[in-house]
Amino acid sequence: MEIRVGKFILRSDQYCMWIEEEYQSKGKDGKPGRVQRRKVAGYTNSIDNLIRQFCEHKHMASEATTVEELIKEWKQIIEDAAKLKKTAVSNDLKAMRKTAKAVKEINK
């Protein structure tokens with residue numbers, strides 16, 4: 001699975017799931033470098049744990065210096081987590097429908 005939601009990517013293999021974040025690296029001369037990825041949450045076997053780890057990571061990485069900044073970041077974390085979960089659930093439903101259709105065709 002590789003689901004893109006903004007700058008985040010939900011990924012999985014047959015054993016676990018994780019979330020990567022795309023970011024712009026800096027070149028040697030201080031100019032923008034290439035787009036790279038880093039893991040921000042995972043390796044877990046459930047989408048709920050993955051979203052929880054994502055929220056914890058973003059919260060712990062906060063650079064807020066005022067309560068107002070922290071609240072603003074929390075709101076963004078909640079929005080990002082909701083988008084990730086909605087997209088993951090939607091894709092799971094699509095995959096299940098596709099599988100059900102294939103099974104139905106085989107059984108004909």
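- For the atom pair CD1 of Ile19 and CD1 of Ile47, the computed distance is 6.5 Å after rounding to the nearest 0.5 Å.
- In this structure, Ile9 and Glu22 approach most closely via the heavy-atom pair CD1-CG, 3.6 Å.
- Linking Ile, Leu, Val, Met, Phe, Trp and Tyr whenever their side-chain heavy atoms come within less than 4.5 Å puts Leu70 and Ile77 in one cluster.
- Within a 6.0 Å radius of CZ in Arg34, no more than 12 heavy atoms belonging to other residues, nucleotides or ligands are found.
- Between Glu20 and Lys39 there is no salt bridge, since no side-chain N of the basic residue sits under 4.0 Å from a carboxylate O of the acidic one.
- For Tyr23, there are no ring-ring contact (aromatic ring centres under 6.0 Å, His included) partners, not counting sequence neighbours.
- Within the 4.5 Å cutoff, side-chain heavy atoms of Lys85 are placed close to those of Asp48.
- One finds the OG atom of Ser46 at 9.5 Å from the CD1 atom of Ile51 (value rounded to the nearest 0.5 Å).
- Rounded to the nearest 0.5 angstrom, Glu73 CD and Glu63 CD are separated by 8.0 Å.
- Distance check, rounded to the nearest 0.5 Å: NZ of Lys72 to OG of Ser62 gives 12.0 Å.
- In this structure, Phe54 and Phe8 have perpendicular ring planes: the angle between them is above 60°, well past the 30° mark.
- Of the possible donor and acceptor atoms, none in the side chain of Asn49 sits under 3.5 Å from a partner among the backbone N and O of Arg52.
- Under the 4.5 Å side-chain heavy-atom criterion for ILVMFWY residues, no single connected hydrophobic cluster contains both Ile78 and Leu50.
- From Met1, atom CE reaches atom CG of Asp13 across 9.5 Å, with rounding to the nearest 0.5 Å.
- Considering CE of Met17 and CZ of Arg11, their distance stands at 13.5 Å, rounded to 0.5 Å.
- Gln76 and Asp80 share a donor-acceptor pair across their side chains, judged by distance under 3.5 Å alone.
- Closest non-hydrogen pair, Thr44 versus Gln53, comes out as CB-NE2, 4.2 Å.
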